[in-house]
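What follows is a short report on a single structure.
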Amino acid sequence: MSYTKEDILRIAKEENVRFIRLQFTDLLGTIKNVEIPVSQLEKALDNKMMFDGSSIEGYVRIEESDMYLYPDLDTWVIFPWVTEDRVARLICDVYMPDGTPFAGDPRGILKRCLKEAEEMGFTSMNVGPEPEFFLFKTDDKGNPTMELNDQGGYFDLAPTDLGENCRREIVLTLEEMGFEIEASHHEVAPGQHEIDFKYADALKAADSIQTFKLVVKTVARQHGLHATFMPKPLFGVNGSGMHAHQSLFKGNTNAFYDEMDELGLSSVARQYMAGILKHARSFAAITNPTVNSYKRLVPGYEAPCYVAWSASNRSPMIRIPASRGLSTRIEVRNPDPAANPYLALAVMLKAGLDGIKNELPLPAPIDRNIYVMTEEERIEEGIPSLPADLKEALTELINDDVIIEALGEHAITHFYELKEIEWDMYRTQVHQWERDQYITLY
């Protein structure tokens with residue numbers, strides 16, 4: 001819905017809203033908020049609410065700490081799970097005191113890339129995200145255990161799928177908050193679930209992913225469960241992905257569709273895909289941003305490891321769903337739900353636009369099962385692998401000028417520093433696997 005300042009003030013009074021959370025996202029994708037009483041709502045709607053940016057991961061130094069939150073009025077929603085002293089939220093953009101957008105605001109970074117697309121004639125980027133998650137039981141203190149809530153599998157239902165009631169309540173809560181839910185089901189791994197919501201323009205889709213994560217975790221906790229979007233919480237089973245269906249539009253026309261083409265794909269779609277494939281290894285550090293992300297990107301668990309595309313099989317990184325016309329789109333399968341959605345969509349869009357600008361040729365589709373191909377066969381077919389770990393991904397990231405331009409100097413510098421620290425902490429840690437393997441052997 002579209003709201004005015006007057007609408008929000010009126011609704012807040014009619015619905016007895018007592019507190020408002022002014023939400024924004026840090027560089028690593030974590031939702032942050034400043035909670036204000038309703039008496040301060042008008043001040044917030046006038047973009048006069050200040051906060052300390054030096055306390056936020058990847059933002060600014062202490063001597064530059066004053067920053068302002070500019071609410072996006074169309075993101076107004078009242079949380080349905082709070083019935084007394086009702087709480088609403090507004091998603092905000094981050095601005096500097098001089099009234100300029102903060103260069104390191106992830107939402108602002110996505111807006112910049114969308115502006116570039118608009119200047120090229122594309123009025124919108126449509127995105128249909130598919131974030132998966134696991135449900136674990138909690139202990140008597142409410143802390144997560146490693147005990148799954150069920151042993152169900154793909155499309156199982158109760159009583160095998162013991163997460164059904166929790167998942168149904170998540171769906172109802174999301175619908176109450178304005179989501180249009182298309183499907184909800186148990187995923188392949190025990191304790192793993194997926195809820196698909198309708199596509200939207202890229203900015204709203206990224207906002208929706210953040211709201212989705214918050215709702216899933218909140219409702220799960222009410223059921224005595226812990227929901228995690230960690231990409232690979234368990235060895236030996238499928239990890240959680242966040243496949244991103246995407247297309248570009250010019251007004252009401254899908255720029256990815258060409259009815260005269262054999263596959264129904266326009267030259268724009270093919271060039272966009274070529275850009276995605278060209279920069280895939282470089283943007284992996286953004287779409288797959290954790291040490292754990294690369295435990296998912298291994299053969300044998302349906303996760304894409306190889307930089308290729310196909311209209312007929314799911315082993316490559318990009319798949320072309322069967323729908324055509326307005327629904328013509330590509331599905332990029334490597335992102336995972338640990339990604340900052342604003343940054344992930346920004347770098348994929350930037351990569352695709354680079355393909356269109358430079359009219360990059362699209363490699364031939366790979367319609368064989370890449371998982372069963374030998375390394376020699378993959379080399380012969382010209383199929384690169386995605387990075388094997390976070391360190392390799394960071395090296396690729398820092399050497400790609402197109403992706404660096406998408407993120408901007410501030411974000412790339414701080415993101416790289418944070419992830420280098422994460423890698424060094426992991427690299428120098430002694431893990432249980434090492435003790436199990438070596439402590440008695442040597």
Side-chain angles (χ1 to χ4, degrees), residues 110-130 199-203 205 243-284 286-287 304 306-335 344-368 370 381-384 386 400-406:
L110 176 55
K111 281 185 166 183
R112 287 205 307 266
C113 292
L114 290 168
K115 181 68 174 174
E116 182 180 342
E118 188 177 350
E119 289 169 355
M120 293 172 63
F122 303 108
T123 53
S124 65
M125 175 197 192
N126 277 356
V127 178
E130 297 178 346
Y199 69 88
D201 68 85
L203 189 65
H243 302 168
H245 296 250
Q246 51 200 278
S247 57
L248 295 178
F249 271 67
K250 292 185 174 183
N252 295 322
T253 301
N254 187 341
F256 277 15
Y257 178 57
D258 181 355
E259 64 180 355
M260 303 302 292
D261 181 77
E262 179 184 1
L263 292 175
L265 297 175
S266 68
S267 59
V268 167
R270 291 174 180 274
Q271 292 162 2
Y272 185 96
M273 265 198 291
I276 293 280
L277 295 173
K278 176 184 176 182
H279 297 285
R281 286 178 51 81
S282 304
F283 67 58
I286 304 298
T287 56
Y306 306 111
V307 183
W309 74 280
S310 175
S312 60
N313 87 75
R314 293 172 184 261
S315 60
M317 192 187 104
I318 298 178
R319 184 178 77 91
I320 311 299
S323 301
R324 290 296 179 267
L326 290 176
S327 299
T328 304
R329 62 194 187 276
I330 70 170
E331 178 188 9
V332 183
R333 297 169 54 80
N334 67 294
L345 294 182
V347 295
M348 285 189 283
L349 174 59
K350 184 73 171 182
L353 294 179
D354 182 58
I356 296 169
K357 284 180 183 176
N358 294 293
E359 299 182 353
L360 295 179
L362 181 66
I366 304 298
D367 295 330
R368 298 171 56 193
I370 305 176
E381 293 279 358
I383 305 172
L386 285 166
D400 190 318
D401 291 340
V402 170
I403 304 305
I404 289 173
E405 184 184 358

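In this text, all values refer to a predicted model and were calculated from it rather than measured experimentally.
For the atom pair CZ (Phe122) and NZ (Lys250), the distance works out to 4.5 Å, reported to the nearest 0.5 Å. Separation of atoms CZ (Arg333) and CZ (Arg319) is listed at 6.5 Å; rounding is to 0.5 Å. Atom CD1 of residue Ile403 and atom NE2 of residue His279 lie 5.5 Å apart, to the nearest 0.5 angstrom. Taken from CG in Asp401 to OG in Ser282, the straight-line distance is 9.5 Å, to the nearest 0.5 Å. For the atom pair Leu326 CG and Thr253 OG1, the distance stands at 8.0 Å (nearest 0.5 Å). The distance from atom CD of Glu405 to atom CD of Glu116, rounded to the nearest 0.5 Å, is 6.0 Å.
The shortest heavy-atom contact between Ser310 and Pro316 is CB-CG, 3.6 Å. Listed here is the closest heavy atom pair of Pro361 and Ala274: O-CB, 3.5 Å. In this structure, Ala280 and Val307 approach most closely via the heavy-atom pair CB-CG1, 3.9 Å. Nearest heavy atom pair, residue Ser266 against residue Asp258, reads CA-CB, 3.6 Å. In terms of heavy atoms, Thr287 sits closest to Ala344 at CG2-CB, 4.1 Å. Listed here is the closest heavy atom pair of Ala308 and Ile383: CB-CG2, 4.2 Å.
Between the side chain of Asn254 and the main chain of Thr328, a donor-acceptor pair closer than 3.5 Å is present. Thr123 places a side-chain N or O within 3.5 Å of a backbone atom of Gly251 that can act as its donor or acceptor partner.
A 4.5 Å side-chain heavy-atom check between Ile370 and Glu381 finds every atom pair outside the cut-off. Between Ile276 and Ile318, some side-chain heavy-atom pair lies under the 4.5 Å cut-off. Under the 4.5 Å side-chain criterion, counting only non-hydrogen atoms from C-beta, Leu353 is not in contact with Val402. Using a 4.5 Å cut-off on side-chain heavy atoms (C-beta onward), Val127 and Asp201 make no contact. Side-chain contact between Leu265 and Leu362: absent, with no pair of heavy atoms (C-beta onward) separated by less than 4.5 Å. Here the side chains of Ile330 and Trp309 are not in contact, with every heavy-atom distance at 4.5 Å or above. Considering only heavy atoms from C-beta on, Met348 comes within 4.5 Å of Pro335 through its side chain. For the pair Phe256 and Met273, the minimum side-chain heavy-atom distance is 4.5 Å or more.
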| field | Worked check of side-chain contact (heavy atoms from CB on, under 4.5 Å) between Glu130 and Glu331 | value | CA-CA 10 Å; Glu130 297 178 346; Glu331 178 188 9; 3.8 Å; yes
| Trace of the side-chain contact (heavy atoms from CB on, under 4.5 Å) decision for Tyr199 with Arg329 | CA-CA 11 Å; Tyr199 69 88; Arg329 62 194 187 276; over 6 Å; no
| Under the side-chain contact (heavy atoms from CB on, under 4.5 Å) criterion, do Leu349 and Leu345 qualify, and how do the steps go? | CA-CA 6 Å; Leu349 174 59; Leu345 294 182; over 6 Å; no
| task | Output, in order, the C-alpha distance, side-chain angles, deciding distance and verdict of side-chain contact (heavy atoms from CB on, under 4.5 Å) for Glu118 and Lys115. | result | CA-CA 5 Å; Glu118 188 177 350; Lys115 181 68 174 174; 4.2 Å; yes
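Remark: Glu259 CD is loosely packed, at most 12 non-hydrogen atoms of other residues, nucleotides or ligands lying under 6.0 Å away.
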